[in-house]
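Here is the structure we will look at, set down as structure tokens.
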Protein chains: 2
Amino acid sequence: MLKVQGATMTDNCANRIENEGCFTCRERHADWFCNLSPQALVEFESLGMQMTVPAGSTLFFEAQTARSVYILCGGHVKLTTSSKDGKTLLVRIAKPGDVLGLSAAISGTSYEITAQAIEPVQVKSFQRQDFLHFIEHHLEGSMHATKMINKEYRDALGDATRLALSMSIAGRVARLLLEMASGVRDAKPRFTMSLTHEELATMLGTTRESITRVLSELKRKEIISIKGTSLTILRRAALELLV
Amino acid sequence: MLKVQGATMTDNCANRIENEGCFTCRERHADWFCNLSPQALVEFESLGMQMTVPAGSTLFFEAQTARSVYILCGGHVKLTTSSKDGKTLLVRIAKPGDVLGLSAAISGTSYEITAQAIEPVQVKSFQRQDFLHFIEHHLEGSMHATKMINKEYRDALGDATRLALSMSIAGRVARLLLEMASGVRDAKPRFTMSLTHEELATMLGTTRESITRVLSELKRKEIISIKGTSLTILRRAALELLV
DNA sequence: TGACATCTGTGACCTGCGTCACAAACGATT
DNA sequence: AATCGTTTGTGACGCAGGTCACAGATGTCA
């Protein structure tokens with residue numbers, strides 16, 4: 001059904017595209033949506049359309065009516081919301097295996113967040129109706145869906161708690177860096193930071209200057225190092241401590 | 001099946017208990033869980049145990065293993081989470097019709113929040129297993145459950161956004177007052193504020209002194225008035241502006 | 001290679017709110 | 001009524017982080 005074409009990937013960075021289909025997907029055996037029984041998976045996969053999205057383009061915007069659900073197969077996508085006064089907050093960085101737009105599809109309303117590719121990204125796109133029809137007729141799919149939303153709820157709640165009660169700017173930056181590095185198993189994970197300080201600031205609900213200062217501080221303490229656009233985490237534990 | 005005993009309620013405050021069973025419940029026709037088809041409702045109602053809980057007692061604690069799901073029939077319940085370092089955050093004030101402990105029941109883990117009655121409260125309590133069994137066998141119930149979690153997720157996300165991007169202490173206080181007054185339709189809603197400044201402070205992740213200052217300010221601007229334990233919102237719009 | 005735009009780094013200052021300290025008000029108990 | 005514990009009110013001070021202003025670095029295009 002799906003051909004394995006042998007993905008070309010060489011380096012060890014977080015920025016790569018790697019999955020050619022659910023059956024050969026590396027993430028298939030983790031606790032994710034794509035991890036269905038073989039029969040269900042065949043049907044499921046036939047409903048979706050595999051597509052590649054260039055860096056910087058937007059899968060969907062907040063407040064847009066939800067027409068599609070996406071499963072992220074490769075690459076990272078940034079998820080943001082914004083408040084009335086236009087300020088933007090990073091919700092999280094979606095990783096391969098994540099489902100995007102599920103909440104909006106289920107509630108039948110508009111997307112609650114904006115999803116933008118921060119690197120070339122591979123997704124599987126489903127018509128909202130097809131997706132809902134599938135999960136309504138597959139108990140395993142339905143349970144997965146409910147649990148995933150539940151997980152997102154708990155994450156959001158945890159975020160709200162941390163944001164309200166602690167989390168300095170340094171903490172937010174640390175969390176972001178760790179999320180960006182997720183997937184790289186190296187002891188000193190390295191990845192391409194393609195965002196400007198300005199963009200990072202909007203994502204974290206702070207200012208450009210604060211970002212500059214925090215990054216300088218982290219470099220000074222030799223917790224990270226930056227050469228051009230390449231960022232290396234030297235001491236992951238120190239970052240985790242800040243979150 | 002359930003006898004209507006004629007609830008005795010006279011005043012116009014938010015603090016009252018009023019429901020005697022799902023069939024006679026005022027909230028039944030809103031978009032809530034109790035609004036099931038009559039047959040399903042009969043079955044559903046027989047699974048649960050109606051109980052009254054005195055003010056101050058705790059329905060369940062954060063991190064406790066989830067054994068029960070509750071439907072709040074009358075009164076208000078405060079829902080809080082706390083961070084590692086012991087600080088507490090008010091998640092929201094639950095109102096009649098709300099389901100408590102649903103997320104934990106579904107994920108089969110521990111409660112993510114603490115639920116404490118802030119006044120005498122009437123709830124319907126379900127064994128987790130009974131509840132799950134019911135929703136798994138009633139499409140309408142199942143959809144309700146999924147949508148409710150979804151709604152909680154969206155609320156939590158909205159909270160996180162507001163907390164991260166704006167929401168001063170004054171804003172948090174305003175939100176709390178509005179939540180406490182919810183249900184009172186009066187133009188100048190009045191209710192009994194039974195919490196001390198100290199308690200309010202923990203609930204909002206701030207300090208006692210800040211609460212005192214904010215309330216003084218609100219009184220000075222004639223947005224609220226306080227006589228003893230009775231709090232009146234004089235200008236709701238002004239409060240909404242602060243959120 | 002020079003010109004121009006964008007990005008990064010840093011100091012000076014201001015504001016919101018947490019912390020500390022203490023005084024006044026209120027409520028219960030004898 | 002006198003006493004004591006709790007709650008409320010308020011001033012003084014400090015710190016994190018936002019705002020402003022500007023200088024240097026880096027990238028891009030003719």
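Because the structure is predicted, anything quoted here is derived from the model rather than measured. Note: hydrogens, waters and symmetry copies are ignored here, and every other heavy atom, side chains too, is used.
Between atom CZ of residue A:Arg208 and atom CD1 of residue A:Ile211 there is a gap of 10.0 Å, rounded to the nearest 0.5 Å.
Taking atom CD of A:Glu217 as the reference point, atom P of C:dG11 lies 12 Å away to the nearest angstrom. Rounded to an integer number of Å, the gap from CD1 of A:Ile211 to C1' of D:dA16 is 14 Å. Going from atom CG of B:Leu231 over to atom P of D:dT8 covers 12 Å, rounded to whole Å. In this structure, CD of A:Glu198 is placed 13 Å from P of D:dG18, rounded to the nearest angstrom. What separates CZ of A:Arg220 from P of C:dT10 is a distance of 11 Å, to the nearest Å. In this structure, B:Leu195 atom CG and D:dT8 atom P are separated by 10 Å, rounded to whole Å. Computed from coordinates, the A:Lys227 NZ to C:dT8 C1' distance equals 19 Å when rounded to whole Å. Put simply, CE on B:Met193 is 18 Å from P on C:dC26, counting in whole angstrom units.
Panel note: side chain B:Asn150, backbone A:Ser103; a donor-acceptor pair is recorded below 3.5 Å.
With distances taken from any side-chain atom of B:His197 to the nucleotides D:dG17, D:dG9, C:dT10, the minimum falls on D:dG9. For A:Thr207, counting side-chain heavy atoms from C-beta on, the closest listed nucleotide (D:dT19, C:dT19, C:dC17) is D:dT19.
A sub-4.0 Å separation between OP1 or OP2 of C:dT10 and a side-chain N or O of A:Thr212 is absent. Listed pair B:Thr196 / D:dT6 fails the phosphate criterion, with no side-chain N or O lying under 4.0 Å from OP1 or OP2. Put simply, A:Thr206 has no side-chain N or O that comes within less than 4.0 Å of OP1 or OP2 on D:dG17. When the side-chain nitrogen and oxygen atoms of B:Ser210 are compared with OP1 and OP2 of C:dG18, one or more of them lie within a distance under 4.0 Å.
In this model, a side-chain donor or acceptor of B:Arg213 finds a partner on the base of D:dG11 within 3.5 Å. The base of D:dT6 does not come close enough to the side chain of B:Arg208 for any donor and acceptor atom to sit less than 3.5 Å apart. For B:Glu209 and C:dC20, a side-chain-to-base donor-acceptor distance below 3.5 Å is present, hydrogens and geometry of angles not being considered.
Taking five base pairs at each end of the helix from C:dT1-D:dA30 to C:dT30-D:dA1 and finding the rotation axis that steps the C1' atoms of four pairs onto the next four gives two axes whose angle is 30°, to the nearest 10°.
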Checklist entry - B:Ser107 and B:Thr109: side chain to side chain donor-acceptor pair (under 3.5 Å), yes or no, with the steps? => result CA-CA 5 Å; B:Ser107 67; B:Thr109 58; 2.7 Å; yes
Next on the checklist: I'd like to know whether B:Glu62 forms a side chain to side chain donor-acceptor pair (under 3.5 Å) with B:Ser82, so could you lay out the CA-CA distance, the side-chain angles of the two residues, the decisive distance to 0.1 Å, and finally the verdict.
Outcome noted: CA-CA 8 Å; B:Glu62 193 175 344; B:Ser82 42; 3.1 Å; yes
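Annotation: salt bridge (charged side-chain N to carboxylate O under 4.0 Å, His left out) contacts of B:Lys151 (sequence neighbours excluded): B:Asp155.
Taking 4.0 Å as the cut-off between side-chain N and carboxylate O, A:Glu152 and A:Arg92 count as a salt-bridged pair.
The salt bridge (Lys or Arg N to Asp or Glu O under 4.0 Å) with A:Glu217 is formed by just one residue from the set A:Arg213, A:Lys219, A:Lys221; it is A:Lys221.
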